[in-house]
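Throughout, a chain's letter reflects where its sequence line sits, starting with A, and its residues are numbered from 1.
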2 protein chains.
Amino acid sequence: MADRYANFANSGLGRTVVKRLGLPDPPRLRRHQAGDPLADGPVLVGAAPDGRLSEPIRKLLGDAGVEVAPSFTEGTRYAALIFDATGIVASEQLRALYDYFHAYARSVKVSGRVIVLGTQPDLTPGPEEATAQRSLEGLTRSIGKEFGRGVTSQLVYVAPGGEGGLESTLRFLLSGRSAYVSGQVIRIGAGTVEVPADWERPLAGKLALVTGAARGIGAAIARTLARDGADVIALDVPAAGDSLADVANSCQGRALQLDLTAEDAPARLAGYLAAGPHAGVDIVVHNAGITRDKTIARMSADHWDSVIGVNLTAPSRVNDLLLSRSLIPSGGRIIGVASIAGIAGNRGQTNYATSKAGVIGMVESHAADLLGRGITINAVAPGFIETAMTAKMPVGLREAGRRLNSLSQGGLPIDVAETIAWFASPASAAITGNVVRVCGQSLLGA
Amino acid sequence: MADRYANFANSGLGRTVVKRLGLPDPPRLRRHQAGDPLADGPVLVGAAPDGRLSEPIRKLLGDAGVEVAPSFTEGTRYAALIFDATGIVASEQLRALYDYFHAYARSVKVSGRVIVLGTQPDLTPGPEEATAQRSLEGLTRSIGKEFGRGVTSQLVYVAPGGEGGLESTLRFLLSGRSAYVSGQVIRIGAGTVEVPADWERPLAGKLALVTGAARGIGAAIARTLARDGADVIALDVPAAGDSLADVANSCQGRALQLDLTAEDAPARLAGYLAAGPHAGVDIVVHNAGITRDKTIARMSADHWDSVIGVNLTAPSRVNDLLLSRSLIPSGGRIIGVASIAGIAGNRGQTNYATSKAGVIGMVESHAADLLGRGITINAVAPGFIETAMTAKMPVGLREAGRRLNSLSQGGLPIDVAETIAWFASPASAAITGNVVRVCGQSLLGA
């Protein structure tokens, strides 16, 4: 699992060799550790005239203990450049973005953050403003590719009246929790949200179900949700054996052995949850997934069926049954795991890409209805993540996956888990219908 | 401009060398020539049970002179595999796609076509069908990457009641006109459309304005629209000099020298069009665009302003004025030129990517309103196109641009022009709000 090249490139000798030969230079990413401050330095907040978000953001960050710089100081390295672009209503006014980022581009720390805030184009009053706001996507994605040194760049669209729902997202993006998330567009809706009593344990009192929890990304998700205060049910197939119990024990949770593709599995799961102390489940993470790669001409029917069955049909059936029996209460969270293959397609993965594109469809098609019930539905779409699975890839393919992204390295299971924990937070009630890639801004796309 | 590698790889010796060394193998793409048949061989049409499109398609293709195979014959090479997936209402039924493409994947000709038809997820009756229909995107994009040999793969969503608006798209996709379009999702709305008297000259009687027409892609657009019967106004800046007149002459059109970024330019253009024999303009192609590449830290304010001004503000101002003076009649077509940089962002192109993301915003934000006036608005998003501009790129960057796509080669200006001509057709009245990449399914994406 070790990325030996990245370790070398970050060694004393390695740094010299990498520089002389012009090789990829993967920075060591800042990742969240217990007790870390939210931002690892002062934050600079800018705005185009008439923006509606910079003042709430300054207040929110100040209250959270972040040092918000009153103005730019030459020589200071900032942990984040935040720009409120909601005041931009015409393309000529995009110049404000140039003025800000031209002046301060060189003042961002290693593993720093760029966050641009705007208004969803379809929520603006007319085409001129919608066009200007849509432009922001080209800017933030270019910055992600340009700044390097582990700096990530995101666009956060906040609906008018959505100022109150912003904090969980700012905290996620500023912190090391979002280390491997870059080049993304996040949409926050209107409405007020519950503020956790303790931001270190926002999931206290919540019950979370994680499928495919016996190893890899699933195990990281279970542990991360437990770290954030949730009671965890770690679910996997009976064949996963002892490792499932180990994961459950490591997060003081319960293990549940169940093959969700079995005809009666959703009903058995529903029965189990209904009989439990929560009489339902607050957070459902559909992580279980399999690959069975072959070109479609060589693929067996069984490999098609099993991938679609595990990755798409099972999550759909579980959702439908839990929702129809009202086992997911208001405040509930449904979180799918898609893939960049589901966005871009992949050679040898017609079955997998079809199933993962379906997961995106599941999110998009349920979001509006579920919002009325107080439930959000979102998905992560991992790129190249260092796991036992990717460790087995041929070296050429593995190196390509690791390097063909803006951070020149693979992500870790914790990066996917942190993104899911952000969706799961009670403070993320205004975030639904989002698909966020955890891919280091992979070059691969649709 | 010549792709010497592709020429070599397609030579007798080259084919051997490429095969022995496992080098990229760019196929020679089939491109449209006057008098070509619509499809260069028999077409196989399949369907999931209860699909609503396969029968209309068989009839439409038969009437157009295409040989529609009554059933699969072993040993036959098909020019296209068309699959009607509109009958698929649940993920288990996706199996029908496997059955079809598993059986016939090897029977597609070089430069053949895969076309899957579905229903827009947001137009389905519920989440289960929406999810299954959304899955199709993963399948078609994977096939585009997997089949190779110049085969392209698209997903065409057809609204219920949109069967009558399908012909222009099927003709475009089957023919060599779409040689460099692959991995795309096209949305066709409901409603009836005008069928051209002559499919070889669908733009007869229409007036088309093409900006940036003096060279490269713009010149190809002007000539292609003229070939399809349009009267053409070729517009460019006065500095373009004689080459603008040459292009105008070559398509028996008029040349118009105008710098559209000048304050009074939209009004002068409007005056020119109002005074002309059409008293307006039917087709507006906003092709004029510039690049001024530098990282944002090194970019001058002038280079930011000029790129935003030419690529985004000028088209917006022209649209607004022509529309407000009713100079674009019902049946009108507005077509923007975006870029994959506007979708994915690009290092050194914050200005360009911002402007091109804005072009996408212009399309998306105007589509619904304009449809009520009988006007469509769409954009192409070119990838690596062989022009004088790309010929000047450093060889490494140029080779990467050429090879990092499913067709292992750059596109030609005609490929962009043909896509625009398809949008421009009176028979494409049900296609609006689409952004179609002309990029050979470039790996680069968001």
Side-chain angles (χ1 to χ4, degrees), chain A residues 91-92 94-95 97-98 101-102 105-106 121 127-128 130-146 183 295-297 299 301 304-305 308 312-313 316 341-351 353-358 360-362 364-366 369 443-446, chain B residues 91-92 94-95 97-98 101-102 105-106 121 127-128 130-146 183 295-297 299 301 304-305 308 312-313 316 341-351 353-358 360-362 364-366 369 443-446:
Chain A
S91 59
E92 297 90 336
L94 292 165
R95 170 67 183 272
L97 291 154
Y98 166 82
F101 287 107
H102 172 69
R106 293 198 177 91
E128 192 172 12
T131 297
Q133 290 293 317
R134 182 64 177 75
S135 300
L136 302 176
E137 201 173 316
L139 178 87
T140 50
R141 292 195 201 269
S142 297
I143 285 178
K145 294 185 174 183
E146 188 167 298
T295 62
I296 199 165
M299 187 183 290
W304 175 275
D305 289 341
I308 300 290
L312 181 57
T313 310
S316 297
I343 295 170
N346 200 12
R347 183 183 146 78
Q349 293 198 312
T350 48
N351 50 358
T354 300
S355 73
K356 294 301 192 177
I360 296 172
M362 190 174 87
E364 293 173 343
S365 62
H366 276 289
D369 272 359
L443 293 185
L444 299 188
Chain B
S91 59
E92 297 89 335
L94 293 165
R95 171 67 183 274
L97 291 154
Y98 166 82
F101 288 107
H102 173 69
R106 293 198 176 91
E128 191 171 13
T131 297
Q133 290 293 318
R134 182 64 177 74
S135 301
L136 302 175
E137 201 172 316
L139 179 86
T140 51
R141 292 195 201 270
S142 297
I143 286 178
K145 294 186 173 182
E146 187 166 299
T295 62
I296 198 165
M299 186 183 291
W304 175 275
D305 289 340
I308 301 290
L312 180 56
T313 309
S316 296
I343 294 170
N346 199 11
R347 184 182 145 79
Q349 294 198 313
T350 48
N351 50 359
T354 300
S355 74
K356 294 301 192 178
I360 296 172
M362 189 175 88
E364 292 173 343
S365 61
H366 276 289
D369 272 1
L443 293 185
L444 299 188

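- Of the possible polar contacts, none joining the B:Lys356 side chain to the A:Gly138 backbone as a donor-acceptor pair under 3.5 Å is found.
- Between chain A and the residues B:Met362, B:Glu92, B:Lys145, B:His366, the largest count of heavy-atom pairs under 4.5 Å involves B:Lys145.
- For A:Gln349, the part lying near chain B is the backbone, with the side chain staying farther off; criterion is any non-hydrogen pair under 4.5 Å.
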| task | Evaluate the criterion side-chain contact (heavy atoms from CB on, under 4.5 Å) for residue pair A:Thr350 and B:Leu97; output intermediate values, then yes/no. | result | CA-CA 10 Å; A:Thr350 48; B:Leu97 291 154; over 6 Å; no
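- Partners of B:Arg95 according to the salt bridge (charged side-chain N to carboxylate O under 4.0 Å, His left out) rule, which considers only residues two or more places apart in sequence or in another chain, are A:Asp305, B:Asp99.
- In this view, A:Glu128 satisfies the salt bridge (charged side-chain N to carboxylate O under 4.0 Å, His left out) rule with no residue, not counting sequence neighbours.
- Comparing B:Met299, B:Glu364, B:Gln133, B:Glu137 by heavy-atom pairs within less than 4.5 Å of chain A, the highest count is held by B:Met299.
- Judged purely by atom type and a 3.5 angstrom limit, B:Ser142 uses its side chain to pair as donor or acceptor with the backbone of A:Asn346.
- Both the backbone and the side chain of B:Ala357 come within contact range of chain A, judged by heavy atoms closer than 4.5 Å.
- The two atoms that bring A:Ile360 and B:Arg134 nearest to each other are CG2-NH2, 3.4 Å, heavy atoms only.
- Taking chain A as the reference chain and counting heavy-atom pairs below 4.5 Å, the highest number among B:Ser91, B:Ala105, B:Gly183 is found for B:Ser91.
- Minimum heavy-atom separation, B:Leu94 to A:Trp304: O-CZ2, 3.6 Å.
- Only the side chain of B:Ile308 comes within contact range of chain A, judged by heavy atoms closer than 4.5 Å.
- Taken from NE2 in A:His102 to OG1 in B:Thr295, the straight-line distance is 9.5 Å, to the nearest 0.5 Å.
- When heavy atoms are compared at a cutoff of 4.5 Å, B:Ala132 does not approach chain A at all.
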